[in-house]
Amino acid sequence: MGNVKGLKCKECQREFPKEPIHVCEYCFGPLEVDYDYEKISKKITRKSILSGPPSMWRYKDLMPLDEENKVGDHVGFTPLLRAKNLGKILGLNNLYIKNDSVNHPTFSFKDRVVAVAVSKAIELGFDTISCASTGNLANSVAAHSAEAGLKSFIFIPVGLESGKILGTNIYGTNLIAVDGSYDDVNRLCSEIAVNHKWAFVNINIRPYYGDGSRSYGYEIAEQLGWKTPDNVIVPVAGSSLITKIWKAFHEFECLGLLDGKVQSKIFAAQATGCSPVTTAIKNNTDIITPVKPDTIAKSIAIGNPADGYYGVKTTQASGGYGEDVNDEEIVLAMKLLAETEGIFTETAGGVTLGVTKKLVQQGRIKPDETTVICITGNGLKTVEALNGQYNDPIIIKPKLNSFEEIYSNSVTV
Ligand SMILES: *Cc1c(COP(=O)(O)O)cnc(C)c1O
Ligand SMILES: [Zn+2]
């Protein structure tokens, strides 16, 4: 292990030591982990990856840790499945779903970033983990802090779904709801970070945290047979995942692990009620205008995205685009995915699929291209979104004729 040289400013390229810092003190650009790719290229091969564990740690040479991971042994390596039924409906002949709704242990892609962030926080000597979260990060930080035996303080906006709240409390954390939006929570956390020497996974540990999501991109490429797809549709909140998938594909290419070159178009998906990134893409600008979120897709409701500018740049550089869908379209897409592929995703997954449908209709995604839809979270955590969609089940007596009576009247699916 230990393939990290230090941190480096994404804008001015100045170098910094491996510390819990995330902003360049000269130009205020974001800091990124600076890897020793020469060293990595001597170690990593398809064979070394294939002989690794069935988890994100099969790519441990590319993870920003100096020691073995301290938590999250079983995170990642989720299914990439061929979605034939859904593909038929959308008119796509090579459609795949990368399904992190079954990621271990808290059923969202956030387990990837948190497994790295908490491991790094332990390496850096922290005894308390913290975060600002729209829900899934809260679940994962609470779970991994419990696994590590560390204290945690988790800050969320008011009004999150009950599954996200209970799914945080169960791990025995300190959960604090802030009367404001995620962006208010995030700003407050930056202030708390000055007074309390905690590891805020998406603030002072952010450079390391973000790099955990590269594993999602590596897995897509490996599972497609060491190829990258023509199209990837990514749900966007702070814009970390979308930039890291793109980075992951290019790292694989540079390390000689891919057949051919990366020619993937990356598409950003947001909810209409919180679409600062896709709006910028549509307006052909890289200036993000912050918004006040109003959508059922709470997990991706970030009105002032930290990496929004880079999210726009990623879609533009790749030749992709950005689209958004409203709450009604989100629910329809959640139902469509469940009814065609048997996957119950949360609202963010409804956003990704709803946007994919639009992109196909617009002709931006073609029938024979290889397309991957990113499903990043689990539907059992956002059941409120489906309120009023279904009647209560019919109740019958435990008698055969009681069943036959309703059977003769009912329509079967
Ligand atoms: C956090 C999250 C995302 C996107 O996160 P980024 O901040 O853009 O990296 C997507 N889907 C779900 C379900 C999430 O919880
Ligand atoms: Zn700088």
Side-chain angles (χ1 to χ4, degrees), residues 7-16 21-32 34 98-103 106-114 117 131-141 156 160-161 163-164 167 182-183 186 201-202 206-207 209-214 216-217 233-247 266 268-271 274-278 288 296-312 314-315 322 330 334 345-353 355 373-382 385:
L7 299 176
K8 200 175 190 177
C9 174
K10 194 163 173 162
E11 290 301 325
C12 75
Q13 315 296 322
R14 274 197 180 81
E15 292 172 12
F16 295 85
I21 47 176
H22 65 117
V23 180
C24 174
E25 60 193 61
Y26 299 96
C27 77
F28 301 108
L31 301 185
E32 285 193 307
D34 187 16
K98 178 61 178 168
N99 187 11
D100 261 21
S101 75
V102 292
N103 203 3
T106 68
F107 312 108
S108 87
F109 103 88
K110 291 298 196 301
D111 289 324
R112 299 174 184 274
V113 285
V114 173
C131 69
S133 171
T134 56
N136 284 315
L137 187 63
N139 297 167
S140 192
V141 166
I156 54 171
L160 285 194
E161 303 92 342
K164 298 266 166 82
Y182 171 83
D183 302 285
N186 196 45
V201 302
N202 52 344
R206 189 171 179 88
Y209 154 98
D211 272 4
S213 29
R214 281 143 70 245
Y216 190 87
I233 303 91
V234 190
V236 168
S239 270
S240 177
L241 178 62
I242 190 167
T243 61
K244 299 297 179 175
I245 290 174
W246 178 241
K247 179 165 182 185
I266 312 285
Q270 294 203 294
C274 184
S275 54
V277 174
T278 56
I288 305 281
I296 57 168
K298 294 174 193 282
S299 62
I300 52 170
I302 297 185
N304 189 12
D307 293 311
Y309 167 80
Y310 298 106
V312 173
T314 299
T315 58
I330 293 169
M334 287 168 74
T345 186
E346 68 150 79
T347 45
V351 169
T352 325
L353 175 52
V355 161
I373 297 178
C374 299
I375 294 300
T376 49
N378 193 293
L380 287 169
K381 294 198 213 179
T382 62

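Quick caveat, the model's predicted, so the values are computed rather than measured. Both counts, for ligands and for their atoms, begin at 1 and track the order of listing.
Under a 3.5 Å cut-off, the side chain of R214 and the backbone N or O of D211 do form a donor-acceptor pair. Formation of a donor-acceptor pair under 3.5 Å by the D111 side chain with backbone atoms of T106 is found in this model. No side-chain donor-acceptor contact under 3.5 Å links S101 to the backbone of N378. D183 places a side-chain N or O within donor-acceptor distance of the main-chain N or O of N304, the cut-off being under 3.5 Å. Remark: the backbone N or O of T382 is not paired with any side-chain donor or acceptor of E346 at under 3.5 angstrom.
Under 4.0 angstrom from ligand 1, the non-hydrogen atoms of L241 come from both its backbone and its side chain. Under 4.0 angstrom from ligand 1, the non-hydrogen atoms of I300 all belong to its side chain. Only the side chain of K110 comes within 4.0 Å of ligand 1, counting heavy atoms alone; its backbone N, CA, C and O stay farther away. Counting heavy atoms under 4.0 Å from ligand 1, residue S239 touches it through the backbone alone.
The number of protein N, O or S atoms lying under 2.8 Å from the Zn ion (ligand 2) is 4.
Taking only nitrogen or oxygen atoms, main chain and side chain alike, G377 does not reach within less than 3.5 Å of ligand 1. When only interatomic distances are considered, the shortest N/O to N/O separation between E346 and ligand 1 does not fall below 3.5 Å.
Side chains of D307 and T243: no donor on one and acceptor on the other come within 3.5 Å. Between the side chains of K110 and N103, no donor N or O sits under 3.5 Å from an acceptor N or O. Neither side chain, D100 nor T376, offers a donor N or O lying under 3.5 Å from an acceptor on the other.
Residue nearest to atom 12 (C) of ligand 1, selected from T376, D307, V351, T134: T376 (by heavy-atom distance).
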